[in-house]
Amino acid sequence: MAAPKTCSIFLFRHGQTYFNRDKRFTGWKESNLTPLGRQQAELIAKKLKGKRIGVAYQTHQRRSKDTLKPVLRYHPECRQVITDDRIIERSYGILQGKYHKTQRKIEGTKAYRELLRKGKIKPLPKKEKMALIEELGHEKVMKIRRNYYEKPKNGESIQIVEKRVMSFLRDLLKKMEKEKVNVAISAHGNSMRPFRRYFEHLTIPEMMKLENPSDDYFDYKVKV
């Protein structure tokens, strides 16, 4: 009996952007690839050079398109490039464009004042106060970035991102089964998490700890 046929999903994220480099919340804002980001995109392209790609997906954002573009230079056989924003980056709402460092100070100061108000700490000398503010702010920013349920004001939680990514993935698997094609996906750091959770059978905490490379891809086999 012949083995079932499989096709591949080649999944990768965009290269480094200026907002990535400067440690700013990007979300749905545009930020171009840095020179390093363009090198990373070229490296992904070279690694995928020997594969076959029938369909490619990108989002409307330039960083997704500019990462996919060098990949497709090696793939004249790719007959379809589809823009689908269900795989777009997570929206950080009012935090978009803000520096992580600035937000740590804002959140840490709020948390410090709240501790004072509740009488849980006494006023500290300046040096100790600033150290505690940094520590509290770091915890809050990491909660925003790494908590599955945390939703910045006017933004999205990873739970929301996962819901739209899974809608995309269900449609994609049907298309692959019907057309028997390999697929390339130029995604974003946070939209990659649900893909990896699905194919690598991860728990939510495991998914939230993932760091997705900017210079490599994942190859997931799909029975068609």
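Hydrogens, waters and symmetry mates are skipped; everything else that's a heavy atom, side chains included, is used.
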- Task: Give a yes-or-no answer on whether the side chains of T26 and Q96 include a donor-acceptor pair shorter than 3.5 Å.
- Result: no

- Task: Using the side-chain contact (heavy atoms from CB on, under 4.5 Å) rule, take R104 and L136 through it: C-alpha gap first, then chi angles, then the decisive distance, then the call.
- Result: CA-CA 8 Å; R104 283 200 301 271; L136 294 170; over 6 Å; no

- Might you work through the side-chain contact (heavy atoms from CB on, under 4.5 Å) test for S8 and K221, ending with a clear yes or no? CA-CA 5 Å; S8 286; K221 302 297 184 186; 2.8 Å; yes

- Item | Derivation and outcome, side chain to side chain donor-acceptor pair (under 3.5 Å), residues R63 and N20 | CA-CA 11 Å; R63 58 191 184 269; N20 294 152; over 6 Å; no

- Establish, from distance only, whether the side-chain atoms of H14 and S214 form a donor-acceptor pair under 3.5 Å. no

- Query: Using 4.0 Å as the upper bound for N to carboxylate O, is an ion pair formed by E135 and K129?
  - Reply: no

- Query: Is the closest basic N to carboxylate O distance between E156 and R164 below 4.0 Å?
  - Reply: yes

- Message: Would you say the ring centers of Y198 and Y220 fall short of 6.0 Å from each other?
- Response: no

- Minimum side-chain heavy-atom gap I204-Y149 below 4.5 Å: yes

- Query: Which heavy atom in K122 sits nearest to a heavy atom in L116, and how many Å separate them?
  - Reply: C-CD2, 3.7 Å

- Message: Does this structure show an ion pair linking E114 with K118, if we count only N-O contacts that are shorter than 4.0 Å?
- Response: yes

- Item | Salt-bridge contact E179-R79 (side-chain N to carboxylate O under 4.0 Å) | yes

- Query: Could you walk me through whether N182 and V55 pass the side-chain contact (heavy atoms from CB on, under 4.5 Å) check?
  - Reply: CA-CA 7 Å; N182 291 340; V55 180; over 6 Å; no

- Minimal heavy-atom distance between D66 and L33, with the atoms involved, is CB-CD1, 3.8 Å

- Task: Could you check V165, I88, I158 and say which one makes a side-chain contact (heavy atoms from CB on, under 4.5 Å) with N190?
- Result: I158

- Should we count CZ of R146 as having more than 12 external heavy atoms under 6.0 Å? yes

- Task: Find out if a path of hydrophobic residues (ILVMFWY) with successive side-chain heavy-atom gaps under 4.5 Å connects V141 to L95.
- Result: yes

- Item | Cationic N near anionic O, under 4.0 Å, D171 to R86 | yes

- Applying side-chain contact (heavy atoms from CB on, under 4.5 Å), run through I87 and I185 and close with a yes or a no. CA-CA 9 Å; I87 57 170; I185 301 176; 3.7 Å; yes

- Task: Could you tell me whether the side chains of Q80 and K175 share a donor-acceptor contact shorter than 3.5 Å?
- Result: yes

- Message: Please find the pair of heavy atoms, one from R90 and one from E150, that lie closest to each other, and give the distance.
- Response: NH2-O, 2.9 Å

- Check: L172 and V183 side chains under 4.5 Å, non-hydrogen atoms: yes

- Message: I'd like to know if R193 and E211 make a salt bridge, using a cut-off of under 4.0 Å between side-chain N and carboxylate O.
- Response: no

- Check the pair F168 / Y57 against ring-ring contact (aromatic ring centres under 6.0 Å, His included), numbers first and verdict last. CA-CA 11 Å; F168 167 86; Y57 287 87; 5.0 Å; yes

- Determine whether more than 12 heavy atoms belonging to other residues, nucleotides or ligands lie under 6.0 Å from atom NZ of K174. no

- Which pair of non-hydrogen atoms, one from T67 and one from I44, has the smallest distance, and what is that distance? CG2-CD1, 4.4 Å

- Message: Regarding Q58 and S64, do their side chains bring together a donor and an acceptor under 3.5 Å, going by distance alone?
- Response: no

- Of all heavy-atom pairs linking H188 and R13, the shortest is C-CB, 4.1 Å

